[in-house]
Colleague: 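Below you'll find the structure I mean.
Fair warning: this is a prediction, and the values are worked out from it, not measured in the lab. Values below: all heavy atoms of this structure, side chains included; hydrogens, waters and symmetry mates excluded. Numbering of ligands and ligand atoms starts at 1, following listing order.
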Amino acid sequence: MPSNVSRESNDGTESAPFYEALAKALKKRKAKLESICPSSDPTSKRILEEYGAIFVANKKVLPPPVCVFTNEEQVTKFQEDAGWDVEKFGFDDVELQPEAMKQLKKAREEAQKEGLDITPRDGSEAARRNYEDSVRLWNSRFEPALDYWLGQGRLTQEQVDRLRSLPLSQQVAEVLELEKSGIYFSKDLSKSILYSIAAPGASQHIAMLAFDVNQFENPRIREIMAKHGWFQTVLSDLPHFTFLGLKEKDLPKHGLRSLEINGQVFWIPNVSAVHPGLDK
Ligand SMILES: [Zn+2]
């Protein structure tokens with residue numbers, strides 16, 4: 001069967017390829033894939049296929065107008081358009097798009113009724129981030145990895161200097177290229193940097209649709225989050241939850257497929273893609 005059409009599985013649940021579901025979702029929002037994520041740009045395609053779940057989120061939230069923001073002004077404009085609510089979780093301010101916040105609060109109340117809790121990991125950085133945050137976090141992985149691979153003799157000083165001097169979009173492209181030969185930039189240097197931190201300007205936190213949860217290891221917490229439309233959608237980023245506002249049983253028809261790693265279920269774009277460092 002061609003991979004570009006929906007198919008129905010034995011149990012009657014419909015599943016759609018990501019690009020088909022995405023086209024539908026964007027059409028409802030009067031947006032076009034080419035202007036959001038030009039297919040001619042391999043970096044933005046890769047980013048879409050790793051973090052693209054937010055683009056099929058329900059209509060009560062606003063996904064970003066681009067796969068990769070390139071400056072702070074663009075991010076500020078988008079965040080103002082989308083709007084956000086602020087809530088105190090303990091001492092920390094959590095900022096999310098209003099519908100995402102509403103459902104997170106419901107999830108937290110449900111957890112608290114059971115004697116559990118849902119709290120932000122790393123304070124206010126757990127939710128909304130700006131462009132500058134995403135660049136700083138990128139560098140927190142990029143820089144140590146450069147030093148490591150230089151020490152290992154896998155990169156020369158010239159290569160390192162050159163990589164540092166590149167404009168960000170080119171830097172990301174070259175890092176992803178190096179990772180194809182096993183020169184990984186994640187925190188533990190064992191997998192793609194994209195499973196450790198988002199490319200600058202591409203974070204779901206910028207979209208204000210992501211929340212990092214301290215209690216991610218508790219299966220009941222994951223269940224409660226899912227019940228309120230929050231799912232793990234970035235492979236290997238365990239504390240990171242994404243607001244989609246959809247029912248879990250409906251995710252396949254919205255172009256997502258589930259992948260279970262060490263007992264945790266990730267909902268990722270239904271594309272045939274390689275996952276550098278994770279496909280063993
Ligand atoms: Zn996160």
Side-chain angles (χ1 to χ4, degrees), residues 46-57 61-64 67-69 75 78-79 82 84-87 89-90 92-97 99-101 103-105 107-108 111 117-142 172 185-188 190-218 221-222 224-226 228-245 256 259 261-262 264-269 275 277-278:
R46 176 79 198 287
I47 286 169
L48 179 68
E49 293 181 358
E50 297 287 358
Y51 306 145
I54 48 173
F55 291 98
V56 298
V61 294
L62 187 68
C67 277
V68 187
F69 287 100
V75 168
F78 160 73
Q79 292 187 343
W84 71 84
D85 284 349
V86 190
E87 282 290 330
F89 279 54
D92 302 308
D93 278 341
V94 170
E95 299 170 320
L96 292 168
Q97 289 197 31
E99 179 66 15
M101 181 67 88
Q103 298 304 329
L104 178 63
K105 281 167 66 184
R108 189 176 191 217
D117 204 357
I118 293 171
T119 58
R121 196 177 174 87
D122 298 327
S124 58
E125 199 150 79
R128 182 176 79 92
R129 294 176 195 160
N130 60 23
Y131 182 75
E132 198 47 48
D133 294 329
S134 77
V135 174
R136 177 173 47 77
L137 289 165
W138 168 263
N139 284 327
S140 74
R141 305 294 192 274
F142 175 69
V172 174
F185 284 72
S186 66
K187 195 171 193 175
D188 68 2
S190 76
K191 56 185 177 273
S192 174
I193 190 168
L194 297 183
Y195 306 128
S196 188
I197 204 70
S203 173
Q204 294 182 346
H205 290 280
I206 289 180
M208 306 183 292
L209 295 173
F211 183 66
D212 298 336
V213 175
N214 274 324
Q215 297 78 4
F216 69 90
E217 282 178 329
N218 184 333
I221 291 295
R222 299 199 298 268
I224 293 172
M225 289 293 280
H228 296 279
W230 284 89
F231 303 94
Q232 286 156 298
T233 72
V234 178
L235 282 183
S236 159
D237 189 347
L238 299 172
H240 181 99
F241 286 73
T242 310
F243 182 72
L244 301 177
L256 305 179
L259 193 66
I261 302 176
N262 300 327
Q264 306 212 26
V265 175
F266 295 88
W267 285 97
I268 58 171
H275 301 106
L278 296 181

Colleague: Begin from the C-alpha positions of Thr119 and Asn214 and carry the test side chain to side chain donor-acceptor pair (under 3.5 Å) through to its verdict.
Modeller: CA-CA 6 Å; Thr119 58; Asn214 274 324; 2.9 Å; yes
Colleague: What N/O/S atom of His240 is the closest to the Zn ion (ligand 1)?
Modeller: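 Going through the N, O and S atoms of His240 one by one, ND1 ends up nearest to the Zn ion (ligand 1).
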Colleague: By atom name, which N, O or S atom of His205 is the nearest to the Zn ion (ligand 1)?
Modeller: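 Atom name returned: NE2.
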Colleague: State which residues pass side-chain hydrogen bond (donor to acceptor under 3.5 Å, both in side chains) with Trp230; sequence neighbours excluded, sorted by chain then number.
Modeller: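 So Trp230 forms no side-chain hydrogen bond (donor to acceptor under 3.5 Å, both in side chains) with any residue.
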Colleague: Using a strict cut-off of less than 4.0 Å between a Lys/Arg side-chain nitrogen and an Asp/Glu carboxylate oxygen, indicate whether Asp212 and Arg129 qualify as a salt bridge.
Modeller: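 Counted as a salt bridge, because a side-chain N and a carboxylate O are separated by less than 4.0 Å.
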Colleague: Flag the pair Phe211 / Phe89 as yes when their ring centroid distance falls below 6.0 Å, and as no otherwise.
Modeller: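 Yes; Phe89 has its ring centre under 6.0 Å from that of Phe211.
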Colleague: Is it true that some N/O/S atom of Asp212, main chain or side chain, lies under 2.8 Å from the Zn ion (ligand 1)?
Modeller: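 Checking the Zn ion (ligand 1) against Asp212, an N, O or S atom does fall under 2.8 Å.
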